[in-house]
Colleague: 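Below is one structure. I have some questions about it.
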Protein chains: 2
Amino acid sequence: MATMQDVARRAGVSLSTVSYALSGTRSVSAATRDRVAAAMAELGYTPNAMARGLASRRSRVLALVYPAAERGLGGTVAEFVSAAADTARENGHHLVLWPFRTNQADEVRDLVLQGMADGVLVMEVTLDDPRVATLRDAGVPFTMIGRTRDVGGLPSVDVDFERTTREAVDHLVGLGHRRIAFLNHSEATATEGYAPTFRAEEGFAAAMRSHGLEPLTRRVDESPQAGREALADVLADQPGTTALVTMNEIATFGVLAELQHRGVGVPEQMSVLAIVTSPGVADMSNPPLTTMHAPGAELGRLAVLNLLSQVSGEGSPAAGALIGCTLEPGQSVGPARDAAPASGAAQSPPRP
Amino acid sequence: MATMQDVARRAGVSLSTVSYALSGTRSVSAATRDRVAAAMAELGYTPNAMARGLASRRSRVLALVYPAAERGLGGTVAEFVSAAADTARENGHHLVLWPFRTNQADEVRDLVLQGMADGVLVMEVTLDDPRVATLRDAGVPFTMIGRTRDVGGLPSVDVDFERTTREAVDHLVGLGHRRIAFLNHSEATATEGYAPTFRAEEGFAAAMRSHGLEPLTRRVDESPQAGREALADVLADQPGTTALVTMNEIATFGVLAELQHRGVGVPEQMSVLAIVTSPGVADMSNPPLTTMHAPGAELGRLAVLNLLSQVSGEGSPAAGALIGCTLEPGQSVGPARDAAPASGAAQSPPRP
DNA sequence: TTGAAAGCGCTACCAA
DNA sequence: TTGGTAGCGCTTTCAA
């Protein structure tokens with residue numbers, strides 16, 4: 001392997017000039033720069049990341065910690081990772097996914113303390129996430145994707161669940177729907193402190209009440225079968241239901257299958273609005289789903305920029321950013337079935 | 001940050017003794033070892049990974065390259081990653097996931113040439129994978145998960161598709177099934193050279209023919225809707241079909257929904273055997289699926305051991321390992337519907 | 001069983 | 001605009 005010293009000799013310049021030509025840290029004449037570049041090409045020079053890291057005390061690696069082994073990695077996370085990796089690269093960094101389990105807080109901290117990474121993006125943050133406390137106490141630069149119960153000014157980016165559920169409800173109410181049910185993530189996610197389950201549920205309830213409507217929520221296991229059962233459950237509890245908001249992709253498949261099985265037309269007799277979805281799910285069903293697409297890419301970009309601003313010590317990172325989902329029209333949402341014929345749909349009183 | 005020199009002073013020994021005490025590379029008296037350990041604890045010493053990497057010319061990082069941004073990361077890959085990470089850790093290494101796209105072969109190579117990683121695990125290998133050629137030519141240690149068209153003695157681990165499909169067919173034939181259809185991955189995966197699509201298809205055909213049966217295969221898009229359509233298609237083409245082998249999880253959901261919709265009992269009238277599945281899918285349906293579980297964990301372990309043997313230069317790594325799937329009984333496979341009533345199930349002649 | 005010291009290949013400061 | 005050089009914190013050989 002050719003070293004920087006080899007390049008310097010070949011180009012007839014000093015080692016430091018090669019270093020500066022490579023990093024652009026100080027100006028180098030065009031002529032010199034060309035000769036250095038030529039020497040590098042001729043020798044097939046490849047910089048040594050360890051040496052650079054040791055000398056500069058920066059690895060130029062950002063660690064994304066995500067419990068991939070526990071959760072898999074869906075479309076939304078994939079969009080996040082993709083955008084985060086691109087943003088990191090544009091800023092001269094590598095974005096690397098470190099498959100640590102949620103209970104490996106110390107290992108995550110040590111990554112940075114040992115200099116393998118300059119900072120951490122923490123995904124799947126729970127309401128009381130042990131990793132966050134550990135990183136904060138160790139003074140390790142990090143940005144949360146999601147929020148703990150008590151955000152306390154810590155840097156974070158997250159889906160704006162309040163806004164997303166409100167827009168979902170507003171959209172449906174605007175179409176004349178009054179009896180709307182929310183099919184949430186599972187009870188298991190709630191038990192383990194998965195924040196979106198709570199934030200979306202609260203947001204949905206608040207939005208419904210702001211319209212004078214009663215929220216009906218069900219927590220549903222992540223399986224098609226559970227989706228079918230949840231639909232049956234909802235229709236038994238609230239027979240007049242004309243619209244569903246779902247935040248559970250796999251269960252939504254079951255819901256659609258069960259609706260078809262029962263001969264309930266979508267969207268003629270039942271509207272289905274899938275929120276916080278990943279790309280591609282809309283087209284996995286017939287009719288294509290109307291969705292509110294999670295802002296994975298935007299979150300990834302913001303999270304990396306936030307972390308870089310901490311790592312570079314430049315500027316004060318925004319404490320927290322909340323991004324809403326984007327409504328993407330499909331064919332699974334339409335006017336309420338009794339809204340068109342009746343004179344005043346929005347006036348129809350709730351049943352006792 | 002305390003350095004090794006600080007620890008040495010505090011323990012009253014030389015720097016090199018601290019290094020040896022830490023690495024165990026040469027014997028250190030118990031007394032000395034204890035004093036070094038105490039000094040480390042008192043100072044809160046954390047070793048510097050960059051310095052160690054520079055001096056030893058080894059990063060102790062294994063890079064797993066996987067196009068997470070393009071594919072997401074399902075249960076099988078999650079099991080693989082988990083086992084690979086554990087095996088790496090047991091051997092003093094980190095396993096990190098580097099989100100490179102399939103066309104970023106040079107970037108993957110540079111990872112190792114720059115010393116950020118010691119070797120590469122290449123996932124989602126296609127029949128003609130550009131990354132494999134690049135890594136081979138650069139002399140970078142790597143192990144494929146999957147196989148190119150021409151394996152040529154390159155280190156690899158893979159699912160044994162030939163064996164898995166044969167066992168699947170044997171199992172069904174043993175239950176009296178004669179008309180068996182295979183629902184494969186999509187045409188799109190075939191177009192991009194995704195090897196499992198071909199290997200499974202060929203294996204299924206060979207297994208069927210070895211029983212004197214005619215293979216019927218359909219390539220199905222990865223969506224529930226496509227699964228429903230594929231079932232309709234198969235039943236139209238081959239009305240007497242009594243069993244399905246599927247290698248397409250999402251489509252399988254649609255198949256089950258459509259079967260229920262048509263009132264076709266599972267497994268009384270139709271057996272469904274899902275092969276190369278990830279954990280959890282079996283329980284996502286009712287009745288629970290009978291599956292052949294992909295050996296993700298075993299592949300992860302073997303892949304890391306193979307790569308480590310290359311990196312350490314010790315022993316010759318096994319060129320290739322093929323692991324079959326494990327049959328996991330569920331309730332979606334049963335005797336052929338016309339086998340039970342008839343006198344000799346296995347003897348029932350194929351219809352003309 | 002231990003110590004001394006020569007690097008590993010860079011960055012970045014101090015001079016010129 | 002360029003050169004010289006002192007580290008960065010460790011591993012590992014050579015000696016004792």
Side-chain angles (χ1 to χ4, degrees), chain A residues 1-37 39-40 43-61 92-93 110 112-116 118 311-313, chain B residues 1-37 39-40 43-61 92-93 110 112-116 118 311-313:
Chain A
M1 283 277 77
T3 72
M4 203 169 254
Q5 184 60 260
D6 299 330
V7 175
R9 263 191 291 268
R10 176 126 192 167
V13 298
S14 75
L15 193 165
S16 59
T17 294
V18 175
S19 175
Y20 289 120
L22 193 59
S23 68
T25 309
R26 87 179 179 192
S27 59
V28 174
S29 75
T32 309
R33 203 180 321 119
D34 290 349
R35 292 170 52 220
V36 169
M40 284 182 176
L43 294 172
Y45 171 74
T46 305
N48 182 305
M50 292 289 150
R52 185 173 63 160
L54 177 59
S56 65
R57 298 140 165 283
R58 315 241 285 95
S59 64
R60 298 185 165 267
V61 166
H93 286 253
D110 290 347
V112 177
L113 295 185
Q114 297 183 357
M116 313 216 60
D118 297 335
V311 165
S312 312
Chain B
M1 283 278 77
T3 71
M4 203 169 253
Q5 183 60 261
D6 298 330
V7 174
R9 263 192 291 267
R10 176 128 191 165
V13 298
S14 76
L15 194 164
S16 58
T17 296
V18 175
S19 175
Y20 289 120
L22 193 60
S23 68
T25 310
R26 89 179 178 192
S27 59
V28 174
S29 74
T32 308
R33 203 180 321 117
D34 289 349
R35 291 170 53 220
V36 170
M40 284 181 175
L43 294 172
Y45 171 74
T46 305
N48 182 304
M50 292 288 149
R52 185 173 62 160
L54 178 59
S56 66
R57 295 137 168 282
R58 314 242 284 97
S59 64
R60 298 184 165 267
V61 166
H93 287 253
D110 290 347
V112 177
L113 294 185
Q114 297 183 359
M116 314 216 59
D118 297 334
V311 165
S312 311

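Residue numbers begin at 1 in each chain, while the letters A, B, ... track the order of the sequences. Heavy-atom basis, side chains included; hydrogens, waters and symmetry copies ignored.
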Colleague: With a strict under 4.0 Å distance from non-hydrogen atoms of chain B, what nucleotide opens and what nucleotide closes the contacted stretch of DNA chain C, reading 5' to 3'?
Modeller: dT1(C) to dG9(C)
Colleague: Can you find a pair of side-chain heavy atoms, one from L22(B) and one from M40(B), that are under 4.5 Å apart?
Modeller: yes
Colleague: Please list, chain by chain and in numerical order, all residues satisfying side chain to side chain donor-acceptor pair (under 3.5 Å) with S29(B), sequence neighbours excluded.
Modeller: T32(B)
Colleague: Just to verify, what does R9(B) make a salt bridge (Lys or Arg N to Asp or Glu O under 4.0 Å) with, not counting sequence neighbours?
Modeller: D6(B)
Colleague: Scan V36(B), L15(B), T25(B) and name whichever one has a side chain to side chain contact (heavy atoms under 4.5 Å, CB included) with Y20(B).
Modeller: T25(B)
Colleague: Taking only residues two or more places apart in sequence or in another chain, which ones pass side chain to side chain donor-acceptor pair (under 3.5 Å) with S14(B)?
Modeller: S16(B), T17(B)
Colleague: For S56(B), enumerate each residue passing the side chain to side chain donor-acceptor pair (under 3.5 Å) test, keeping only those at least two apart in sequence or located in another chain.
Modeller: none
Colleague: Quick one: which residue pairs count as a salt bridge (charged side-chain N to carboxylate O under 4.0 Å, His left out) with a foot in residues 45-58 of chain A, not counting sequence neighbours?
Modeller: R58(A)-D118(A)
Colleague: Enumerate the residue pairs fulfilling salt bridge (charged side-chain N to carboxylate O under 4.0 Å, His left out) with a member in residues 16-37 of chain B, sequence neighbours excluded, ordered by first and then second residue.
Modeller: none
Colleague: Who are the side-chain contact (heavy atoms from CB on, under 4.5 Å) partners of T46(A), not counting sequence neighbours?
Modeller: L113(B), Q114(B)
Colleague: If you fit an axis to the five pairs at each end of the helix from dT1(C)-dA16(D) to dA16(C)-dT1(D), how big is the angle between those two axes, to 10 degrees?
Modeller: 30°
Colleague: Using a 4.0 Å cut-off on protein heavy atoms (strictly under), produce a 5'-to-3' string for nucleotides 9-16 of chain D with B for base contact, S for backbone-only sugar-phosphate contact, and - for none.
Modeller: BBBBBB--
Colleague: What residues form a salt bridge (Lys or Arg N to Asp or Glu O under 4.0 Å) with R10(B), not counting sequence neighbours?
Modeller: E42(B)
